There are 2 protein chains.
Amino acid sequence: MEKDLEGTAGILKLMGDKTRLSMLGLLIKHDCCVCEFVEIFNMSQPAISQHLRKLKDAGLVKENRKGQWIFYSLNQENVYYQLVQDVIKHIPDQGEKLISLEKQGLRISCN
Amino acid sequence: MEKDLEGTAGILKLMGDKTRLSMLGLLIKHDCCVCEFVEIFNMSQPAISQHLRKLKDAGLVKENRKGQWIFYSLNQENVYYQLVQDVIKHIPDQGEKLISLEKQGLRISCN
DNA sequence: TTATTATATAATGGTTTGGTTATATAACTG
DNA sequence: CAGTTATATAACCAAACCATTATATAATAA
């Protein structure tokens, strides 16, 4: 269960950004497509893409292309997956963010 | 148990530095004096002082002066204390660092 | 009081971070 | 094919980060 100190610090640093932390909180509920993140975080598409790349470089998420869309999911094989789970228990349910977008009638293109 | 997303991200960012993460890992075992940290981390005293200040500003640690020394301890009243505990479970026992210093015969002045 | 020791703060500087805009790539559509 | 849509990458920049050295403060010791 215990992991390398530096590796753990690296994961915590990644999670120490509210956008990425929220992304992980969403992904633990269900896979998400890039365009969903763009809507949810009201941030430029390249900004989202770069956050996702950091998560992917760390091996925390995987990508899965479906036609023109790319869906991201948590990589449960990552050695730090348990840490991620333990941390996410401490934040509010991020699934709400998608729901509230739907209620606003904001369409997300990938579904 | 769930806390504000931004607040949590802030704590994670603080813990996302290997020096501070290790400090917390030590403090969860026992209180430490500044000069102990200086020895352990082989880093300038101001650097240590500034890390401790960040932890203190976040309310994660408390200080307690004993004569010319200042001892730091974890602030168990902090709302994020449980998060800190949950995270520290994932790193190796940092108490070893003090023990290995003693074995090297490196004196720490505050005891 | 002066000197020493422990710690904090200030000033500085190189590196990293996290956003932006512009551009490239890949897949779909007509 | 050309045009559109989804995503990634590149270039850029301001702000934050983390260390250093220099200096200030507080307590102790002579």
Side-chain angles (χ1 to χ4, degrees), chain A residues 5-7 9-24 26-27 31-58 60-73 101 106-111, chain B residues 5-7 9-24 26-27 31-58 60-73 101 106-111:
Chain A
L5 181 83
E6 266 190 77
I11 298 298
L12 294 172
K13 181 190 273 188
L14 277 178
M15 293 202 288
D17 172 274
K18 68 179 199 291
T19 302
R20 286 190 299 264
L21 183 59
S22 180
M23 282 175 162
L24 294 171
L26 278 160
L27 290 175
D31 299 1
C32 287
C33 160
V34 178
C35 64
E36 291 177 300
F37 287 131
V38 172
E39 285 297 330
I40 290 170
F41 296 112
N42 193 34
M43 191 179 288
S44 73
Q45 174 268 317
I48 296 298
S49 224
Q50 285 164 103
H51 280 305
L52 287 169
R53 181 132 102 97
K54 287 186 183 185
L55 294 175
K56 200 183 66 172
D57 285 351
L60 291 184
V61 306
K62 296 181 295 187
E63 59 179 37
N64 197 282
R65 182 177 279 274
K66 281 184 187 156
Q68 59 191 314
W69 297 291
I70 297 179
F71 284 80
Y72 281 84
S73 58
L101 265 188
L106 285 177
R107 263 280 41 83
I108 289 178
S109 42
C110 61
N111 45 10
Chain B
L5 181 83
E6 265 188 78
I11 298 297
L12 294 172
K13 182 190 272 190
L14 277 178
M15 293 201 288
D17 172 274
K18 68 179 201 289
T19 302
R20 286 189 301 263
L21 183 59
S22 180
M23 283 174 161
L24 294 171
L26 277 160
L27 290 174
D31 300 0
C32 288
C33 163
V34 179
C35 63
E36 291 178 299
F37 288 131
V38 172
E39 285 296 332
I40 291 170
F41 296 112
N42 192 35
M43 192 179 289
S44 73
Q45 174 268 319
I48 296 297
S49 225
Q50 285 165 107
H51 281 305
L52 287 168
R53 181 131 101 97
K54 287 188 182 185
L55 294 175
K56 200 183 66 175
D57 286 350
L60 291 184
V61 305
K62 299 182 293 189
E63 57 178 40
N64 198 282
R65 181 177 278 274
K66 282 184 186 157
Q68 59 191 316
W69 297 291
I70 298 179
F71 284 79
Y72 282 85
S73 57
L101 266 188
L106 286 176
R107 265 279 41 81
I108 289 179
S109 41
C110 61
N111 47 9

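What you see is a predicted model, and the numbers here were worked out from it, not measured in a lab. As a basis for the values below, the full set of heavy atoms in this structure was taken, side chains included, without hydrogen atoms, waters or symmetry mates. We name chains A, B, ... by the order of the sequence lines, and we start the count at 1 in each one.
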Residue pair Ser22(B) / Leu5(A), side-chain heavy-atom distance below 4.5 Å = yes
Does some side-chain heavy atom of His51(A) sit less than 4.5 Å from a side-chain heavy atom of Leu55(A)?
-> no
Pairwise 5' ranking along DNA chain C for Pro46(A) and Gln68(A), keeping only the more 5' one | Pro46(A)
Nearest-Å distance for atom pair CG/P, residues Asp57(A) and dA8(D) | 12 Å
Ile70(A) atom CD1 is separated from dC28(C) atom C1', nearest whole Å, by 14 Å
Answer yes or no: side-chain N or O of Gln50(B) and base N or O of dT20(D) forming a donor-acceptor pair under 3.5 Å.
-> yes
So which one's nearest nucleotide on DNA chain D is more toward 5', Lys54(B) or Gln45(B)?
-> Lys54(B)
Please tell me if the side chains of Tyr72(B) and Leu26(B) come closer than 4.5 Å, counting only heavy atoms from C-beta onward.
-> no
Reckon Phe37(B) touches a base, only the sugar-phosphate, or nothing at all at heavy-atom distances under 4.0 Å?
-> nothing
Nearest whole angstrom, please: distance from the P of dA27(D) to the CZ of Phe71(B).
-> 16 Å
Length of the line joining Glu63(A):CD and dA26(C):C1', which is rounded to integer Å = 12 Å
Do any side-chain nitrogens or oxygens of Arg53(B) fall under 4.0 Å of OP1 or OP2 in dT9(C)?
-> yes
Closer than 4.0 Å, any side-chain N/O of Arg65(B) to the OP1 or OP2 of dT7(C)?
-> no
Report yes if at least one side-chain N or O of Lys13(B) is closer than 4.0 Å to OP1 or OP2 of dT17(C); otherwise report no.
-> no
Side-chain contact, heavy-atom cut-off 4.5 Å: Pro46(B) with Gln50(B)?
-> yes
Under-4.0 Å side-chain N/O to phosphate OP1/OP2 contact, Ser44(B) with dA19(D) | no
Spacing of Asn64(B) atom CG relative to dA6(C) atom P, expressed in whole Å | 18 Å
Contact under 4.0 Å: Tyr72(B) side-chain N or O vs dA6(C) OP1/OP2 | no
Rounded to the nearest 0.5 Å, the CD1 atom of Ile40(B) sits from the CG atom of Leu101(B) at a distance of 5.5 Å
Just call it for Phe41(B): base, sugar-phosphate, or nothing, with non-hydrogen atoms closer than 4.0 Å on any strand.
-> nothing
Could you tell me the separation between the CD1 atom of Ile48(A) and the C1' atom of dT9(D), rounded to a whole number of Å?
-> 16 Å
Within this structure, what is the CE-to-C1' distance between Met43(A) and dT7(D), rounded to whole angstrom?
-> 17 Å
Trp69(A) CH2 to dA26(C) C1', in whole Å, measures 14 Å
Measure the shortest side-chain to side-chain distance between Leu12(B) and Met15(B) over non-hydrogen atoms and say whether it is less than 4.5 angstrom.
-> yes
Are Ser49(A) and dT7(D) close enough that a side-chain N or O sits under 4.0 Å from OP1 or OP2?
-> no
Are Arg20(B) and dC18(D) close enough that a side-chain N or O sits under 4.0 Å from OP1 or OP2?
-> yes
Between His51(A) and dT17(C), is there a side-chain N or O to OP1/OP2 distance below 4.0 Å?
-> no
